[in-house]
There are 2 protein chains.
Amino acid sequence: MPDAHPTFGKMIKRLDSRSPLSEADKLALLSVQHSVRKVPAGAHLVRDGEPPEQCALLLSGYAYRYKITGEGARQIVSLHMAGEFVDLQNSFLQVSDHSVQTLTEADVAFVPMQAIREITLSNPSIARALWVDTLVDSSIFREWVVNVGRRDSRTRVAHILCEFSLRLEAAGLAKDHRYELPMTQEQLADAVGLTSVHVNRVLRQLGEEGLISRDRRSITIEDWQRLREAGDFNERYLHHDFVAAARN
Amino acid sequence: MPDAHPTFGKMIKRLDSRSPLSEADKLALLSVQHSVRKVPAGAHLVRDGEPPEQCALLLSGYAYRYKITGEGARQIVSLHMAGEFVDLQNSFLQVSDHSVQTLTEADVAFVPMQAIREITLSNPSIARALWVDTLVDSSIFREWVVNVGRRDSRTRVAHILCEFSLRLEAAGLAKDHRYELPMTQEQLADAVGLTSVHVNRVLRQLGEEGLISRDRRSITIEDWQRLREAGDFNERYLHHDFVAAARN
DNA sequence: CGTGAGCTTGAGACCCATCAATGTGAGTGG
DNA sequence: CCACTCACATTGATGGGTCTCAAGCTCACG
């Protein structure tokens, strides 16, 4: 039933680019059981500690994953955009180890865990493609560990702005290094392990230096090369280098 | 050919506990093509930026993954012990996004990428089990993002000591909350995003408070409950809760 | 015993957090 | 169309946690 939401095609294209899928695979993905629901901004898709029952694919909008420390501080561990699965891992783990919340209003396709389990057992290429997708997720987590662990505030913020720019462009959601940042400065701060006050100062500084300009939530990268250097950014970890990997 | 190194059994048992394997699956894993080599401490198993050719399974000893920032700072992003794959993701990605180095002398089984690709395509249960293994890796990365992003130094160090204790016990490499920490304080610092000087002070403080005691590289957790609280530690993210997940 | 890597400790500096106040713009209701 | 409100952004002043620099210590090993 290829009357699936158009974003399904986007998701399939991304998977296919890193791990080739046959036409039959693509059709199987298109017709996987799911239900679509519109979800308001700030809604929880997954809650830390609860056993998951379905897997959410973002059809539009943004979401983020986060954890809360015992002190009550929040750390955002990833940001997700249209075409991405936000909690694929939950299909195979007993209990969720973090929460997922929408950043904006979003259209979400909920796929029953069972459907994911079945399609991946009966179709090894789909399993591999989804696996690779989670491996790229991992790579981004590793880079974030480095970002919050070893970079100073200016570098950290510049780095994440570079990452968002490339990921949004790869997803067809931005171009010319200009995009709507769907988060408040406080959320940005929680993603880079700083306070919103300090993020504000850093953004101002990056603006004064002519690396970026801002208008409300819109970010324009005025000088990609310099922002890239300022952010110690190397896009290798995004694994956008789609050289058609695998012969099997 | 079940004349494989005994640690293969350990690895298989761990995989099986989170994602059930048939006897045939286990035999296939035991007889996967590989070559064993003894590697000295400090040797590189993988180098950032290079295309990987094989996948390393640690049979004995310890290894860690790390990245170097443009400033030359090192961030260790994970620690691995006997029975773990250190770079499974490399079998499916074009280029390595980080380096892997041994912490101690180690026996390593090198499995050709091609063998991993083949066994996972022809055997969906093995693919799933390895996938789940990488998902647990991801969960640990997420926790590390939180650790370096939002916890103060004392909490950070206490947290990682708790994590090591549980992981080593689960691997049968420690018991009674006592273990040999296979890293220098500088390496520990690079894992928690601090300096070795500060890690040293924190370790002393934890000792003075009676939470741990140290003798050379040996760590004894004197008061698990209090260290757990000090480290804001909840073992959920380790996904050691082996309730035999899946019917298919 | 000499050597070197790693551990330990102190003093001072600095980056970022905290606290606090004000500014701004979108939405709401009168 | 104008108060009013509320979330978010912005800015300043101050303090603290961690880094940096530097020196001495310990212990395994030759």
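Every chain is numbered from 1, with letters handed out A, B, ... down the list of sequences.
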In whole angstrom, give the distance that lies between atom CD of B:Gln187 and atom P of C:dA5. 14 Å
Taking any heavy-atom pair under 4.0 Å as a contact, classify A:Ser153: base, sugar-phosphate, or nothing. sugar-phosphate
For the side chain of A:Asp152, counting heavy atoms from C-beta on, which of C:dC16, D:dA9, D:dT20 is nearest? C:dC16
Are B:Thr184 and C:dG6 close enough that a side-chain N or O sits under 4.0 Å from OP1 or OP2? no
A:Leu194 CG - D:dG17 P separation (whole Å): 17 Å
Under 4.0 Å from OP1 or OP2 of D:dT10: is there any side-chain N or O of A:Asn200 that close? yes
By the 4.0 Å heavy-atom rule, please label A:Arg214 as base, sugar-phosphate, or nothing. sugar-phosphate
Determine: side-chain N/O of A:Arg204 to OP1/OP2 of D:dT11, distance under 4.0 Å, yes or no. yes
Whole-Å gap separating C1' (C:dG6) and CG (B:Asp190): 14 Å
When you measure only distances, ignoring hydrogens and angles, does the side chain of B:Arg151 come within 3.5 Å of the base of D:dT18 through a donor and an acceptor? no
Parallel, tilted or perpendicular, judged at 30° and 60°: which one describes the rings of B:Tyr237 and B:Phe233? perpendicular
Answer yes or no: is there an ion pair linking A:Arg228 with A:Asp223, defined by an N-O contact shorter than 4.0 Å? no
Does a distance-only test, which skips hydrogens and angles, find a donor-acceptor pair under 3.5 Å between the side chain of B:Arg201 and the base of D:dG17? no
Closest listed nucleotide, where the reference is the side chain of B:His198 and the choices are D:dC19, C:dC16, C:dA17: D:dC19
Could you state the CG-P distance from B:Leu188 to C:dT8, rounded to the nearest angstrom? 12 Å
Rounded to whole angstrom units, what separation is found between the CD atom of A:Glu186 and the C1' atom of D:dT10? 14 Å
Do A:Asp176 side-chain atoms and A:Arg178 backbone N/O form a donor-acceptor pair below 3.5 Å? no
May I ask you to check whether over 12 heavy atoms, not counting those of A:Arg226, lie within 6.0 Å of atom CZ? yes
Start at the 5' end of DNA chain C and walk down; is the nucleotide closest to A:Val197 or to B:Met183 reached first? B:Met183
Between B:Arg150 and B:Ser196, name the one whose nearest nucleotide on DNA chain C is closer to the 5' end. B:Ser196
Within the structure provided, determine whether A:Gln187 and A:Ile76 are in side-chain contact (heavy-atom separation under 4.5 Å). yes
From CZ of A:Arg156 over to P of C:dC15, roughly how many Å is that when rounded to an integer? 13 Å
Nucleotide of C:dA26, D:dC19, C:dC7 approaching A:Arg216 most closely (side-chain heavy atoms): C:dA26
So A:Arg154, base contact, sugar-phosphate only, or nothing? Heavy-atom distance under 4.0 Å. nothing
